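Numbers restart at 1 for each chain; the letters A, B, ... are given by sequence-line order, proteins then strands. Computed from a prediction, not measured in an experiment: that's the story for all the values here.
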2 protein chains.
Amino acid sequence: MSQGNRKLRLYVTIGQRLFRDSLLFQLLLHNEIDLVGESETGIDTLKSLESARPGVLIIEENLPDNDGLTIAEHALSEHPALAVLLISDTPVSANRLAIYLEAGIKAVVSKHQPIQDLVKTLFYIRNGQVYVGAWQKPDAPSQGMLNAYNALSGREREVARLIASRIPIKDIAEQLGVSCKTVHSYKDRIFVKLGFERLPELILFMKRHHNGAAA
Amino acid sequence: MSQGNRKLRLYVTIGQRLFRDSLLFQLLLHNEIDLVGESETGIDTLKSLESARPGVLIIEENLPDNDGLTIAEHALSEHPALAVLLISDTPVSANRLAIYLEAGIKAVVSKHQPIQDLVKTLFYIRNGQVYVGAWQKPDAPSQGMLNAYNALSGREREVARLIASRIPIKDIAEQLGVSCKTVHSYKDRIFVKLGFERLPELILFMKRHHNGAAA
DNA sequence: GCACGTTTGTAGGAATTTCCTACAGCAAAG
DNA sequence: CTTTGCTGTAGGAAATTCCTACAAACGTGC
C-alpha cells in the first residue's frame, strides 16, 4: 500500500468526536500511520500544524468554526508540502473540484464513499499523487472488490463464507478436513485478493454482496 | 460487557457511507455483535426490519429521507421490543429528550461523545436498560478513563507508554529485562483497567492525555 | 500489631491474527 | 512443449485476546 518505509505523519481535523474516533481507530490499525495531531476546529488546526508537522492533513469541508477550504489554504501557504485530503459532505461538482485543486488540495473524498477509498487515498497522496475520487476514479479503488471476488477460487469462496460467519478457524479446518494453517493460508490469500486487512471488512463485504441470508 | 450469551442482533441506519463503514468496522470487531442489516434511509429500514428482526437499532436523528424519530416510532409500533439507540447531531435538550423517551427510544448518544460511549450504550440497552447519555451520565461511561489511568501502577504506566509508541513487545521485554509474557500480562491488565479492547484505543488515549510529545 | 484481602510483578497456555515463505500440481499462454 | 502463474496445501514468527497462577508487598480492619 505504501512504497516508502517512513511513517505517514497524519493530522486529522473532524468536528464530530464520534466520527473522528471511529475514523482514527480505523486508521491507527495501520502501523505505518503516526497520528501527530487532531482537532475539532480549523483554528486549532492552524495553531498546531507548526509543531505537529504532519505530512498529510485530513480535514472536513464543513467544520464548526470555518470551512475546510479556507483552513487548507492557510495551512498550505505556510506548509506547501502538506498533502491535504478534504472530506466533503456530498459528491463534489466539477466546478468546486477545480477550486479545490487550484488551492493545492491533493484529494477529495466524499462521505458517501466507502471508507477503503479514504484509506487508500491517504497512502496515495502522501507520495505526491493527486486523487480526485469524488469526480473520477483513476484506478477505481475499492470498486474492484466485486471483480476481485470473482477472482477467488471455489475453495477460497467457501472459506470466505465460513470465516465471515465467524466460525472458528479450527472448526473450519475440521469441517474441510485440512490443517488450521491451510485455512489461515486461504484467509490470507482472500484478504490479499480483496484488499482487506481486518475481519470486519470481510464480514461486511460478504453480508453486503454474497451472504443474503445471514445466520 | 454483556451478561447474556446470545448475540446482539444489530441493525444500523446511517446516511453517510463513510461514517457507517467506520462505525460498523468498529462494532464488528466484537464477536457478540451480529449485524443483521444496514441502510441509508428510514424507508429502507422500515422495509427490512420485518425480515432482519434486530434486537437493537442504531439510527441517526437526521436521515437523508426522514427524521430518525419518525422512523423509530413506526418501527416501535410494529416491534415494541426493539431497543432503539438514536445518534443525535448535537447534545439533546431536556425537552427533546423527553419526546424521545416518550416515543420509546432507549438511548440517545450525540456525535460529540467518544465512540466508547456508543459501544457501551449499545450493550447496555440491549438488556432492557435506558441510557440517556446526552443529557446525564448514569455511570459516566468512558469518563472514568482518566481516573482509571491514575489507578495504573508505575510499571503499568511505563508499559502503557511503550506499547502506545508501537514498540514491539519483544523489544519492550528486552528493555525491561522481563519475559514477553510478562509484558503481555501488563498489557492485558492495562486494557482491563482502562476498559480498552484494541490497540488504537490505547494509542489514542495516550496521545490525548499522557503523551504530549509523540515520537 | 496482626491477619486477611487486594494489588503488583511475574509468567504460562490456547486460539487467532498478521505477515511470510515454500512447494507440488495443474492450466494457460507463449 | 516449456515457462509462468494460480491453487491447494502447510510451516514459522510475532502479536493479540482471554485465561489462570502465584508470591511478595501493601493496607485496612479490628
Legend entry - Phosphate OP1/OP2 of D:dG11 contacted by A:S179 side-chain N/O (<4.0 Å): yes
Legend entry - Atom pair distance, as rounded to whole Å: CZ in B:R157 and C1' in C:dT8: 13 Å
Inset, instruction - Kindly say if A:R155 contacts the phosphate of D:dT9, meaning a side-chain N or O under 4.0 Å from OP1 or OP2. - result: yes
Inset, instruction - Measure from CG on B:L176 to P on C:dG9 and round the result to the nearest Å. - result: 11 Å
Inset, instruction - Select from A:D171 and A:D188 the residue whose nearest nucleotide in DNA chain C is closer to the 5' end of that strand. - result: A:D171
Inset, instruction - Measure the distance from CD1 on B:I203 to C1' on D:dA15 and round it to the nearest whole Å. - result: 13 Å
Legend entry - Distance, rounded to the nearest Å, where B:E174 contributes CD and C:dT10 contributes P: 16 Å
Inset, instruction - Let me know the distance between NZ of B:K181 and C1' of D:dT20, rounded to the nearest Å. - result: 11 Å
Inset, instruction - Just compare D:dT9, C:dA15, D:dT7 and give me whichever is closest to any side-chain atom of A:K170. - result: C:dA15
Inset, instruction - Look at A:R189 and D:dT9 and indicate whether a side-chain polar atom (N or O) is within less than 4.0 Å of OP1 or OP2. - result: no
Inset, instruction - Establish, with yes or no, whether the OP1 or OP2 oxygen of D:dC19 is under 4.0 angstrom from a side-chain nitrogen or oxygen of B:K187. - result: no
Legend entry - Selection from C:dT10, C:dT17, D:dG11 that lies nearest to any side-chain heavy atom of A:I169: C:dT17
Inset, instruction - Considering just the side-chain nitrogens and oxygens of A:S153, establish if one lies under 4.0 Å of OP1 or OP2 belonging to D:dC6. - result: no
Legend entry - Between D:dT9 (P) and A:I172 (CD1): distance, integer Å: 14 Å
Inset, instruction - Rounded off to whole Å, could you give me the OH-to-C1' distance for the A:Y186 and C:dT17 pair? - result: 19 Å
Legend entry - B:K187 to B:F191 six-membered ring, cation-pi geometry met (6.0 Å, 45°): yes
Inset, instruction - Scan B:N127, B:D34, B:L122 and name whichever one has a side-chain contact (heavy atoms from CB on, under 4.5 Å) with B:L8. - result: B:L122
Legend entry - Side-chain donor-acceptor contact under 3.5 Å, B:Y100 with B:E61: yes
Inset, instruction - Identify, between A:H184 and A:K193, the residue whose nearest nucleotide on DNA chain D lies closer to the 5' end. - result: A:K193
Inset, instruction - Look at the side-chain N and O atoms of B:T182 and state whether any lies under 4.0 Å from the OP1 or OP2 oxygen of C:dA11. - result: yes
Inset, instruction - State, without any angle test, whether A:Y186 and A:S153 hold a side-chain donor-acceptor pair at a distance under 3.5 Å. - result: no
Inset, instruction - May I have the distance from B:N31 (atom CG) to D:dT17 (atom P), rounded to whole angstrom? - result: 12 Å
Legend entry - Nearest-0.5 Å distance, CG of residue B:L49 to CG of residue B:L82: 6.5 Å
